[in-house]
Amino acid sequence: MIKISIEKNLSTVVENIENALSRSGRSGEDVQLVAVTKTVDVERINEAIKCGAKNIGENRVQELESKIGKVDESANFHMIGHLQSNKAKDLVGKVKLIHSLDRPSLAKELNKRSKRENIVTDVLIQVNVSEEKTKFGLKTEAVLPFIESILDMDNIKVRGLMTMAPHIEDEDRLREVFRELYKLRETIKDKNYKGISMEYLSMGMTNDYEIAIEEGANIVRVGRAIFGDRNY
Ligand SMILES: *Cc1c(COP(=O)(O)O)cnc(C)c1O
């Protein structure tokens with residue numbers, strides 16, 4: 001078995017991020033790297049944190065909960081996967097950012113639970129730009145009406161958009177998807193909605209994070225490039 005060097009992988013990813021930033025004339029800008037740790041054990045997660053990982057991404061509430069308290073507290077958890085409304089209560093107050101708000105019922109539940117705990121929960125709206133049937137997220141044209149429908153929910157704060165690009169090699173098509181999310185963010189910014197900020201674009205994974213950064217991402221979610229392939 002080949003031993004995976006988390007330290008080496010992480011530094012390669014960080015270097016690639018910096019190179020992508022300078023290629024796109026954004027040297028020195030901050031890109032948050034979310035190390036995606038689904039199926040990764042606590043020991044390896046803590047190794048990544050020791051090597052500099054500050055943000056940890058999980059896609060299942062149960063797995064995330066099981067790692068809280070065991071993972072070094074210097075890192076922040078991000079919920080990046082599909083979220084059932086009945087699990088919202090287990091998550092509120094425990095994560096720095098939820099990347100996967102995609103429907104009114106979930107917004108309502110997150111708002112209610114956050115209000116109960118007297119906190120404001122930061123969220124990104126997940127957009128299914130490529131309109132794949134297997135993916136969650138709002139269609140691009142549904143995002144503005146959705147935002148308008150949740151403007152009065154004071155205990156959730158929308159801070160940007162998230163998407164997952166299709167699993168394809170076609171770089172032009174990937175760029176199209178990322179550009180559409182970027183454009184949508186600009187459209188929302190121009191509306192100057194009260195209480196909505198649009199500072200984050202969470203796009204790019206192992207296969208496409210450099211392209212995503214070239215197209216404006218400032219959060220990337222990278223798993224396999226850091227921890228190696230997952231065996232389910
Ligand atoms: C698994 C996952 C990732 C990371 O995928 P890799 O290919 O391992 O980099 C990113 N975002 C979401 C929503 C995921 O579920």
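Every number for a ligand or one of its atoms is a count from 1 in the order of the listing. Note that the numbering runs from 1 along the sequence shown for the chain.
The Val222 neighbourhood of ligand 1 comprises atoms 9 (O), with distances under 4.0 Å to a heavy atom of that residue. Distances below 4.0 Å separate heavy atoms of Arg221 from the following atoms of ligand 1: 4 (C), 9 (O), 10 (C), 11 (N), 12 (C), 13 (C). For ligand 1, the atoms lying closer than 4.0 Å to a non-hydrogen atom of Arg224 are 6 (P), 7 (O), 8 (O), 9 (O). Shown in contact with Gly223 at under 4.0 Å from a heavy atom are these atoms of ligand 1, numbered in order with element: 4 (C), 6 (P), 8 (O), 9 (O). Residue-ligand proximity, Lys38 to ligand 1, at heavy-atom distances under 4.0 Å covers atoms 1 (C), 2 (C), 3 (C), 14 (C), 15 (O). Within ligand 1, counting atoms from 1 as listed, the ones closer than 4.0 Å to a heavy atom of Thr206 are 6 (P), 7 (O), 8 (O), 9 (O).
The main-chain N or O of Ala212 is never found under 3.5 Å from a side-chain atom of Asp208 such that the two would form a donor-acceptor pair.
Taking every heavy atom of both residues into account, Arg44 and Ile6 meet most closely at O-CD1, 3.6 Å. Heavy atoms only, all atoms of each residue included: Ile4 and Phe227 are closest at CD1-O, 3.5 Å.
Remark: the Arg113 side chain and the Thr121 side chain contain no N/O donor-acceptor pair separated by less than 3.5 Å.
Every N/O-N/O distance between Gly81 and ligand 1 stays at or above 3.5 Å.
In summary, of the residues considered (Leu106, Val123, Ile156), a side-chain contact (heavy atoms from CB on, under 4.5 Å) with Ile98 occurs for Val123 alone.
Taking 4.0 Å as the cut-off, His99 does not count as a neighbour of ligand 1 on heavy-atom distance.
Side-chain heavy atoms closer than 4.5 Å link hydrophobic residues (I, L, V, M, F, W, Y) into clusters, and following such links, possibly through other members, connects Leu101 to Leu144.
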